[in-house]
Amino acid sequence: RSGWATAYTRHGSGYLAAWPQYNETANKSVIYTSRYNGGAWQGAVELASSTNALIEPRLASNGTGYAASWVESVGAMHKLNARLYTGGAWGAARTFADVSGYHTRARLASSGGNYLLVWNVTGGASPAYHSAGSGTAWSAPAAANLGTIQDFAASSSGYAAVYRCSPLSPTEQSLCAKAYTGGAWGAELALETDGPVPATIESDPARLRREDRAPREDRPAREDRPPR
């Protein structure tokens, strides 16, 4: 029985798909991958299996190989795991159990050589962490001062993350971005709206009412208003 969350990526000569599936016979949760190579899809390969739930697969490619991450639900906690595919084989799984807290919203990308994995942590020492994947190993996780991650992407020169930031209000900016280059996160950039966002909207969606405008009964009737 397959799960809903699937992942998909490609490089210059092939594709990779990943999906979670529950094996009722073995009574365990499995994440499978399948590569499209030589004009055909290859047989499913087991990426991870556990009696705990395995969810949220993520994939990325550096052009010659692949990286994958997934979350294992361990009791009331979620723990992130990752593997690297190089030289035609998957390397050993890296479990980021050394980061305490609830792992969520993982994102994975490649700048063309290495990989960068970022994720949020609830109840941890930092709101987010990152780890770099290179060759067959992942670096020790490092704290990243990011809010709730919304998106993550890479270019040939580095990475960028978009995340929720304070203040979180309908009338103010609530998204920020940071670039990761040279092994470090840069300054925070606030992604603001073009002008203030109205706090309320009238029943006529074409007319926006700010709170500091007079109530309707104190304003002249439409036919008495001066032309625009």
Side-chain angles (χ1 to χ4, degrees), residues 5 7 18 20 29 31 47-60 62 66-85 90-111 113-155 157-169 172-192:
S29 196
I31 290 183
L47 182 71
S49 65
S50 175
T51 55
N52 298 312
L54 302 178
I55 57 175
E56 299 177 10
R58 302 280 187 259
L59 297 174
N62 64 359
Y66 298 101
S69 72
W70 66 95
V71 170
E72 180 177 5
S73 179
V74 184
M77 302 303 291
H78 281 188
K79 293 297 180 184
L80 185 65
N81 303 266
R83 293 180 75 176
L84 294 166
Y85 183 91
W90 286 103
R94 169 64 155 98
T95 301
F96 294 96
D98 44 341
V99 176
S100 61
Y102 185 97
H103 300 185
T104 186
R105 304 191 72 83
R107 298 293 187 272
L108 181 60
S110 173
S111 60
N114 299 331
Y115 300 91
L116 195 67
L117 176 63
V118 297
W119 69 99
N120 285 126
V121 177
T122 302
S126 173
Y129 284 82
H130 72 264
S131 174
S134 177
T136 59
W138 295 91
S139 67
N145 188 20
L146 306 174
T148 303
I149 300 167
Q150 302 297 303
D151 207 354
F152 185 61
S155 71
S157 58
Y159 303 87
V162 176
Y163 54 93
R164 292 285 184 186
C165 53
S166 298
L168 186 58
S169 166
E172 300 180 49
Q173 63 84 17
S174 60
L175 287 177
C176 292
K178 280 186 182 180
Y180 182 91
T181 57
W185 291 100
E188 182 175 273
L189 172 68
L191 306 179
E192 301 181 357

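Contact of the S50 side chain with the S29 side chain is not registered, since no non-hydrogen atoms from C-beta on lie closer than 4.5 Å. By the 4.5 Å heavy-atom criterion applied to side chains, L54 and L47 are not counted as neighbours. The shortest side-chain heavy-atom distance between W185 and H130 falls under the 4.5 Å cut-off. Looking at heavy atoms from C-beta onward, S111 lies out of side-chain contact with L116 at the 4.5 angstrom threshold.
How far OH of Y66 is from OG of S110: 12.0 Å, rounded to the nearest 0.5 Å. Distance CG/L117 to OH/Y159: 10.5 Å, rounded to 0.5 Å. Taking CG of L175 as the start and SG of C165 as the end, the distance is 6.5 Å to the nearest 0.5 Å. Within the model, atoms OG of S49 and CD1 of I31 stand 10.0 Å from one another, a figure rounded to the nearest 0.5 Å. Remark: R83 CZ to T95 OG1 distance equals 10.5 Å, nearest 0.5 Å. Here the straight-line distance linking atom OG1 of T122 with atom CE of M77 works out to 8.0 Å at 0.5 Å rounding.
Residues meeting the salt bridge (Lys or Arg N to Asp or Glu O under 4.0 Å) test with R94, sequence neighbours left out: D98. With sequence neighbours excluded, no residue forms a side-chain contact (heavy atoms from CB on, under 4.5 Å) with S100.
Nearest heavy atom pair, residue N120 against residue A128, reads ND2-CB, 3.8 Å. Residues S131 and P141 approach most closely at CB-CA, 4.5 Å, considering heavy atoms. Annotation for L80 and A106: closest pair CD1-CB, 3.7 Å, computed over non-hydrogen atoms. Counting all heavy atoms, side chain and backbone alike, V99 lies closest to W119 at CG2-CZ2, 4.2 Å.
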- prompt: Could you walk me through whether N114 and S134 pass the side-chain hydrogen bond (donor to acceptor under 3.5 Å, both in side chains) check?
  reply: CA-CA 5 Å; N114 299 331; S134 177; 3.1 Å; yes
Could you go through residues 144-152 and list every donor-acceptor pair under 3.5 Å that involves a side-chain atom there, pairing it with any protein atom two or more places apart or in another chain?
unit_1: Q150; atom_1: NE2; unit_2: T148; atom_2: O; d: 3.2

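Ring geometry for H78 versus Y102: interplanar angle under 30°, hence parallel rather than tilted (30 to 60°).
The aromatic ring centroids of H103 and F96 lie 6.0 Å or more from each other.
Although no hydrogens or angles enter the test, the distance criterion places no donor-acceptor pair under 3.5 Å between the side chain of T181 and the main chain of G158.
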